[in-house]
Undergrad: 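Handing you this structure, nothing more for now.
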Amino acid sequence: MLAVARELLGCRVVHGRTEGVIVETEAYHHSEPACHAFVGLTPRTKVIFGPPGRAYVYRSYGIHVMLNAVCEPQGEGAAVLIRALAPLRGVEMMRERRGGLAREQDLCSGPGKLTQALGVELEDNGSDLAAGVVRVLAPAPEWREPRVLAGPRVGITQAAELPWRFAVAGDPNVSRPRPPDPLRASRRSRARA
DNA sequence: CATGGGATTGACT
DNA sequence: GTCAATCCCATGC
């Protein structure tokens, strides 16, 4: 599951004529309390315990739609939350859906933002990410093996210490707060000293 | 059937 | 930095 969260970085998400490159993910597993599947098998968590390669889509805080990729074999509750994309295609459509924002890096820089920009709906819950309305495709050559930063997950109160958030280093579309980049940090401390 | 919490965002101070 | 918006669903009476 952690390997999947890393490998999804650089992959593309396609919905209709809109497409983006995944630059930030978070892993969740039924063995830890931040995961919806922690409570066991219920109508809500059924998809997370189901076969891998499906979309787990749900509404958060009554407002935002979240998109996850289910992983691990059926019976094991694990999913990777897709937290940010680099817009690739259909940028004008994304802008319209997001309310005409000017900056491209504000279109998909958060889990609720990217579903709004792509038009992902709650009805996409349980759909096949290889053949459904929402698809995940292999990375383009230039997005293979990006430099990856890991850090604690965002916006949770349970199991907050697990470093299960992954982001492409230096990408402007990564949501805030950004995981610290060791290279930049060392340069800054050198400049200060 | 009523209640409460949550993997967020944007507007405001 | 704070705060409200807003709804699905698990849980408890």
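In what follows, chains carry the letters A, B, and so on, assigned in the order in which the sequence lines appear, proteins first and then strands, with residues in each chain numbered from 1. Just so we're clear, the structure is a prediction, and the values are computed from it rather than from any experiment. Values below: every heavy atom of this structure, side chains too, minus hydrogens, waters and symmetry copies.
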Undergrad: Can you hop from L122(A) to V120(A) via hydrophobic side chains spaced under 4.5 Å?
TA: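 Yes; V120(A) is reachable from L122(A) via cluster members.
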
Undergrad: Quick one, which residues of residues 83-110 of chain A touch DNA chain C with a heavy atom under 4.0 Å?
TA: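 None, since no heavy atom is under 4.0 Å.
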
Undergrad: Categorize I156(A) for me: base, sugar-phosphate, or nothing, with a 4.0 angstrom heavy-atom threshold over every strand shown.
TA: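 Sugar-phosphate, backbone atoms only, no base.
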
Undergrad: Is there a chain of hydrophobic side chains (I, L, V, M, F, W, Y, each step under 4.5 Å between heavy atoms) that links V4(A) to V168(A)?
TA: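 Yes; tracing contacts between hydrophobic side chains, which count when under 4.5 Å, links both residues.
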
Undergrad: Partners of N125(A) by side chain to side chain donor-acceptor pair (under 3.5 Å), sequence neighbours excluded?
TA: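 Scan of N125(A) (side chain to side chain donor-acceptor pair (under 3.5 Å), adjacent residues dropped) gives none.
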
Undergrad: For a side chain to side chain contact (heavy atoms under 4.5 Å, CB included) check, start with the C-alpha distance between L85(A) and N173(A), then their side-chain angles and the critical distance, and finish with the verdict.
TA: CA-CA 6 Å; L85(A) 305 176; N173(A) 298 282; over 6 Å; no

Undergrad: At a heavy-atom distance below 4.0 Å, what parts of residues 162-177 of chain A sit against DNA chain B?
TA: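 The answer is none.
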
Undergrad: May I have the list of side-chain donor-acceptor pairs in residues 138-152 of chain A shorter than 3.5 Å, sequence neighbours left out?
TA:
unit_1  : atom_1 : unit_2  : atom_2 : d
R147(A) : NH1    : D181(A) : OD1    : 3.3
R147(A) : NH2    : D181(A) : OD2    : 3.0

Undergrad: What string of B, S and - do you get for nucleotides 6-11 of chain C 5' to 3' if you count protein non-hydrogen atoms under 4.0 Å?
TA: BB-SS-

Undergrad: Test of understanding: clusters of I, L, V, M, F, W, Y form through side-chain heavy atoms closer than 4.5 Å, transitively. Do L129(A) and L118(A) belong to the same one?
TA: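 The answer is yes; both residues are in one hydrophobic cluster.
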
Undergrad: Under the rule for ring pair (Phe, Tyr, Trp, His ring centres under 6.0 Å), what residues qualify as partners of H30(A), not counting sequence neighbours?
TA: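 Per chain and number, H30(A) pairs via ring pair (Phe, Tyr, Trp, His ring centres under 6.0 Å) with F49(A).
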
Undergrad: Looking at dA7(B), does its base get a donor-acceptor pair with the side chain of H36(A) below 3.5 Å?
TA: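 Indeed there is one.
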
Undergrad: Is L137(A) isolated, or which residues cluster with it under the ILVMFWY side-chain rule of less than 4.5 Å, directly or via members?
TA: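 In the cluster with L137(A) are V14(A).
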
Undergrad: In dot-bracket form, 5' to 3', how is DNA chain B paired? Count Watson-Crick and G-U wobble pairs only if both distances fall under 3.5 Å, and write | where the partner sits on another strand.
TA: ||||||.|||||.

Undergrad: Are side-chain heavy atoms of R44(A) and V39(A) found at a separation under 4.5 Å?
TA: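 Result no, sub-4.5 Å side-chain heavy-atom pair not found.
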
Undergrad: Mind listing the N/O atom pairs, protein and nucleotides 2-4 of chain B, below 3.5 Å?
TA:
none

Undergrad: Classify Y56(A) by what it touches in the nucleic acid, base, sugar-phosphate, or nothing, heavy-atom distance under 4.0 Å.
TA: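 Since a base atom lies under 4.0 Å of Y56(A), the category is base.
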
Undergrad: Let me know, please, whether A79(A) or Q116(A) comes out on the 5' side of the other along DNA chain B by nearest nucleotide.
TA: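 Result: A79(A).
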
Undergrad: Please table the atom pairs, donor to acceptor, closer than 3.5 Å between any side-chain atom in residues 68-78 of chain A and protein atoms at least two apart or in another chain.
TA:
unit_1 : atom_1 : unit_2 : atom_2 : d
N68(A) : ND2    : Y56(A) : O      : 3.1
E72(A) : OE2    : M1(A)  : N      : 2.5
E76(A) : OE2    : H29(A) : NE2    : 2.9

Undergrad: Check side-chain contact (heavy atoms from CB on, under 4.5 Å) between R95(A) and all other residues, then give those that pass, not counting sequence neighbours.
TA: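 Listed in chain order: V91(A), E92(A), L107(A).
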
Undergrad: Which of residues 18-31 of chain A have a heavy atom under 4.0 Å from DNA chain C?
TA: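 Of all residues in residues 18-31 of chain A, none places a heavy atom under 4.0 Å from DNA chain C.
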
